[in-house]
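All remarks here apply to the structure that follows.
The analysis underlying the following values was restricted to heavy atoms, covering all of them including side chains, and did not include hydrogens, waters or symmetry mates. Numbers restart at 1 for each chain; the letters A, B, ... are given by sequence-line order, proteins then strands.
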Amino acid sequence: MPINFQHKPGLVAYITCGDPDLDTSREVALAAIRAGADVLELGVPFSDPVADGPVIQAASDRAVRNGVRLGDVLHLAADIRREAPQAGMIAFSYFNPILRYGLDRFCDDSARAGLDGALVTDLPVEEADDYVEHMRSRRLATVFLATPTSTDERLKSVCDVCTGFVYAVSRTGVTGVRQQLAADASALVDRLRQFTKLPIAVGFGVSNPQQFGEVGGFADAAVVGTAIVQLIQKSGRGKSAAEAVAEFIGGLRAGASAAVKA
Amino acid sequence: MATGRFGPYGGRYVPETLMAVLQELEDAYNKAKAEPEFQSELDDLLKNFAGRPTPLFFAKRLTEHLGGARIYLKREDLLHTGAHKINNCLGQALLTRRMDKKRVIAETGAGQHGVATAAACALFGFECVVYMGVEDMHRQEPNVFRMRLLGAEVRGVDAGQRTLKDAINEAMRDWVTNVRTTHYLLGSVLGPHPYPTMVRDFHRVISREAREQIMKAEGRPPDAVIACVGGGSNAIGAFYEFIQDKKTSLIGVEAGGRGDKLGEHAARFRGGSPGVLQGTFSYVLQDEAGQIANTHSVSAGLDYPGVGPEHGWLKDNGRAIYTSATDDEALAACQLLSRLEGIIPALESSHAVAECIKRAPRMQASEVVIVNISGRGDKDIGILRENLKIDG
């Protein structure tokens with residue numbers, strides 16, 4: 001199933017898999033899709049998440065302690081895919097777990113699980129030749145990060161190897177909730193449009209309906225991660241987390257369309 | 001684009017946000033390297049601020065005690081701020097000024113790199129923030145105070161095992177956030193390109209001097225050079241100019257900790273496998289699913305699950321060999337060197353001394369060994385007091 005943003009603006013929902021447990025991750029993922037997420041990012045827990053802020057660090061740490069590993073995330077993906085054949089779904093990981101799992105095996109098992117692609121946070125384009133080749137051979141999308149500090153030359157090379165969508169990082173920094181989205185974000189999206197016709201999703205800091213609507217004004221989609229992870233942590237396990245996330249996503253959608261109408 | 005490989009190891013595995021600044025740093029370094037004024041300014045600082053050249057001291061009583069090879073000590077412990085780390089800090093401080101940045105961040109394990117960074121920042125008038133695991137702040141308390149006295153802000157890191165690796169994670173997060181105004185003064189031959197190459201170059205002076213000194217004293221290169229390996233900066237500095245001397249054994253000593261189980265040591269070459277950690281591809285202690293393992297060493301500076309990529313390559317191509325010393329062996333070596341030579345080595349350097357104690361008696365009296373004493377043990381007085389039963 002190719003990645004497709006059905007809604008305007010599109011919504012990419014991130015969860016750290018296995019926090020608080022894999023069953024909750026599954027229920028939250030399915031609830032998010034029902035509530036209007038176009039693409040799921042299944043976060044692979046890692047012991048040293050250098051690009052993440054405190055909320056996702058802590059979630060990742062809990063999941064690692066729960067014993068959740070890349071293999072479990074791929075199983076989870078297969079479970080979700082059985083019940084949600086239409087949704088876009090990518091793995092979101094640091095490189096070492098994939099390297100250790102084996103690139104070939106990762107791509108095979110991802111394709112078999114019904115994942116549409118992956119984003120590897122600490123794998124810049126220069127180091128990604130092997131990875132891209134393996135992913136292409138299984139028709140898996142390779143999403144890369146573009147950032148405000150990237151030069152035009154770099155943005156072009158990022159766009160050249162991206163498939164599925166381009167993930168535009170709204171500002172310098174780690175993942176986390178922000179009060180304001182920097183003007184950096186819309187400038188970056190404008191720069192990216194010169195180099196790609198792919199959808200552009202803006203992430204890092206989007207946490208409320210107003211920001212969601214704002215991003216919808218200049219990008220194709222917004223990525224919401226930390227706010228969801230935080231909500232799951234507050235809501236406890238299973239259904240209650242799933243309901244809270246569904247309500248939150250419903251609120252984003254309602255707020256954004258209200259903003260568009262106004 | 002060159003990505004700084006040593007055989008298969010090295011590279012630049014960082015989030016996209018840092019790619020432009022790493023290129024900027026690489027360009028600034030390459031430009032500086034080509035300018036004689038840069039080298040002469042650095043040489044002047046190394047001489048008049050840091051105290052180079054450091055002596056190569058013939059350890060007569062240790063040699064007699066062990067009854068084998070003639071042992072020389074390269075005295076990096078005599079440098080200003082107490083360890084070799086200042087060599088790199090002065091070099092990177094000059095680069096920071098050239099890049100027109102006024103804020104410097106660093107990580108530190110034992111605190112030696114933090115102190116050297118704080119001193120360099122004081123000298124250059126930079127704002128300085130040092131990240132340090134709270135466990136390390138506790139065990140290397142004197143260095144925490146020294147950093148603060150030098151005007152640095154020390155930020156405790158309360159994540160993971162609260163040691164060096166966690167401090168690097170936090171420094172990288174700071175850098176990702178403040179990349180436009182801040183230079184990350186990384187303290188070892190770790191991390192993304194160009195750090196492993198650049199930091200090595202700033203420490204090559206150790207073996208450049210040692211080679212000249214030993215040629216003068218013995219008329220030939222040594223049979224062995226021994227250095228401890230945490231990230232590997234003092235070891236690569238001590239080895240580098242001897243790589244050409246094919247008969248010289250290069251011996252790196254990792255932290256054997258208190259046992260062979262994963263989590264009980266920091267012997268990456270014995271218990272680790274290739275992986276990506278904190279920007280570079282090298283040997284890493286990890287579980288079967290690629291999660292980074294816990295480590296243990298009595299020495300905070302060696303207590304790290306990864307190792308510099310050039311060491312990975314020297315290991316694979318056989319030019320260097322890597323062994324380990326346990327906590328107890330290092331503590332005993334520290335005490336022995338203190339009593340026989342009047343030199344209290346850092347617990348990191350004590351691992352190199354421990355290897356020398358094992359190796360020298362098996363060598364001929366005509367053979368020559370250089371041990372790099374990378375730092376002094378003043379910072380370790382608390383740990384030594386707890387661990388050594390010294391009366392009086």
### Task
Check each atom of B/Asp174 against the heavy atoms of chain A and say whether the ones under 4.5 Å are side chain, backbone, both or neither.
neither
### Task
Please state whether the side chain, the backbone, both or neither of A/Tyr101 comes within less than 4.5 Å of a heavy atom of chain B.
neither
### Task
Give the C-alpha distance, both sets of side-chain angles, the deciding distance and a yes or no for side chain to side chain donor-acceptor pair (under 3.5 Å) between A/Arg100 and B/Ser273.
CA-CA 9 Å; A/Arg100 188 74 178 169; B/Ser273 51; 2.7 Å; yes
#### Entry: Residue pair B/Glu16, A/Thr147: steps toward the side chain to side chain donor-acceptor pair (under 3.5 Å) verdict
CA-CA 6 Å; B/Glu16 172 65 23; A/Thr147 69; 4.6 Å; no
### Summary
Okay, A/Val158 and chain B: the region with an atom under 4.5 Å from a heavy atom over there is side chain
### Message
If I measure from the heavy atoms of chain B, does A/Leu145 come under 4.5 Å with its side chain, its backbone, both, or neither?
### Response
both
### Task
Identify the heavy atoms of B/Gly275 and A/Asn96 that sit nearest to each other, and give their distance.
CA-OD1, 3.2 Å
## Note on the structure
Most heavy-atom pairs under 4.5 Å with chain B, out of A/Ala146, A/Pro49, A/Ala51, A/Pro148, belong to A/Pro49
### Message
Nearest 0.5 Å, please: how far is CD in B/Glu24 from OG1 in A/Thr151?
### Response
12.0 Å
## Note on the structure
Turns out that what part of A/Asp48 lies under 4.5 Å from chain B's heavy atoms comes down to both
### Query
Looking at OG of A/Ser47 and CD of B/Gln161, how far apart are the two atoms once the value is rounded to the nearest 0.5 Å?
10.5 Å
### Message
Could you check whether B/Glu288 pairs with A/Arg69 (Lys NZ or Arg NE/NH1/NH2 to Asp/Glu carboxylate O, under 4.0 Å)?
### Response
no
### Query
To the nearest 0.5 Å, what is the distance between CD (A/Gln57) and CD (B/Glu170)?
5.5 Å
### Which atom of A/Asp122 lies closest to which atom of B/Val276, heavy atoms considered
OD2-CG1, 4.3 Å
### Message
Strictly distance-based, threshold 3.5 Å: is any side-chain N or O of A/Thr149 a donor or acceptor partner for the main-chain N or O of B/Ala20?
### Response
no
#### Entry: Contact class of A/Val64 relative to chain B, heavy atoms under 4.5 angstrom
side chain
### Task
Mark yes or no for whether B/Arg173, through its side chain, and A/Asp52, through its backbone, hold a donor-acceptor pair below 3.5 Å.
yes
